Amino acid sequence: MRFSYFKTLSPPWQARIICECGVRLGEREYNEVFVELYQVDSFYVEVHYRQSDSEVMKITSFEDICFLEPYFNTISLNELSPSIIKDEN
């Protein structure tokens, strides 16, 4: 799935793609919000839940690995898809 196409989908369709194709990589919490991180093909998706009732508040997606910084202490490189880990030389 292309990142640009995923961004055009409605939240219910994005959620379906995450459930069917996503690989859960980690989680974090802030201000009573629980965030789960997924990898879908060559991009990443965060699902933000309200802790009080587990309702999805928003779904964010990104390609830039700088946004993985909050997860660096919890993600193993073995969990990432080989297509993502590229030799930059």
Side-chain angles (χ1 to χ4, degrees):
M1 159 135 334
R2 291 187 181 267
F3 177 66
S4 58
Y5 179 68
F6 181 84
K7 297 281 287 181
T8 67
L9 298 174
S10 67
W13 276 103
Q14 288 181 344
R16 183 174 180 170
I17 296 298
I18 294 164
C19 289
E20 292 178 3
C21 304
V23 176
R24 190 173 180 280
L25 298 177
E27 61 188 48
R28 64 185 176 96
E29 293 181 44
Y30 72 94
N31 298 333
E32 298 188 26
V33 175
F34 182 72
V35 183
E36 290 185 322
L37 174 68
Y38 294 87
Q39 181 181 4
V40 178
D41 293 332
S42 62
F43 61 93
Y44 303 93
V45 180
E46 288 182 317
V47 181
H48 300 248
Y49 299 92
R50 192 168 42 222
Q51 286 183 344
S52 60
D53 60 5
S54 298
E55 181 178 336
V56 174
M57 298 171 58
K58 68 179 176 177
I59 297 173
T60 57
S61 54
F62 54 91
E63 294 179 298
D64 192 335
I65 63 170
C66 74
F67 294 110
L68 295 175
E69 191 267 330
Y71 304 96
F72 281 167
N73 292 330
T74 60
I75 296 176
S76 166
L77 290 179
N78 294 334
E79 297 176 59
L80 298 176
S81 169
S83 65
I84 303 304
I85 303 171
K86 298 177 183 174
D87 184 9
E88 297 294 326
N89 295 326

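All residue numbers in this chain count up from 1 along the given sequence. This is a predicted model, so every value here is computed, not measured.
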What's the spacing between [X] [atom1] and [Y] [atom2] if we round to 0.5 Å?
{"X": "Asp64", "Y": "Tyr44", "atom1": "CG", "atom2": "OH", "answer": "10.0 Å"}
{"X": "Leu68", "Y": "Gln39", "atom1": "CG", "atom2": "CD", "answer": "9.0 Å"}
{"X": "Gln51", "Y": "Asn31", "atom1": "CD", "atom2": "CG", "answer": "9.5 Å"}
{"X": "Phe62", "Y": "Lys7", "atom1": "CZ", "atom2": "NZ", "answer": "10.5 Å"}
{"X": "Trp13", "Y": "Thr8", "atom1": "CH2", "atom2": "OG1", "answer": "12.0 Å"}
{"X": "Ile17", "Y": "Ser61", "atom1": "CD1", "atom2": "OG", "answer": "12.0 Å"}

Neighbour count above 12 (heavy atom, 6.0 Å) for Arg50 CZ: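 Yes, CZ of Arg50 has more than 12 neighbouring heavy atoms, counting only those of other groups under 6.0 Å.
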Atom CD of Glu32 with >12 non-hydrogen neighbours under 6.0 angstrom: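 For Glu32, atom CD is not crowded (no more than 12 foreign heavy atoms under 6.0 Å).
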Test of ring centre spacing under 6.0 Å for Phe6 and Phe43: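 Yes.
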Glu63 side-chain N/O to Ser42 backbone N/O, donor-acceptor pair under 3.5 Å: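 Side chain of Glu63 to backbone of Ser42, a donor-acceptor pair under 3.5 Å: no, none is there.
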Main-chain N/O of Glu55 paired with Asp53 side-chain donor or acceptor, under 3.5 Å: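 Looks like yes, one N/O pair under 3.5 Å.
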Identified side chain to side chain contact (heavy atoms under 4.5 Å, CB included) partner of Glu46 from the options Ile18, Ile59, Thr60: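 Among Ile18, Ile59, Thr60, the one meeting side chain to side chain contact (heavy atoms under 4.5 Å, CB included) with Glu46 is Thr60.
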Any residue meeting side chain to side chain donor-acceptor pair (under 3.5 Å) with Tyr30, in chain and number order, not counting sequence neighbours: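 Checked Tyr30 against side chain to side chain donor-acceptor pair (under 3.5 Å); matches are His48.
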Non-hydrogen side-chain atoms of Phe67 and Leu37 separated by less than 4.5 Å: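 SC-SC contact between Phe67 and Leu37 ruled out.
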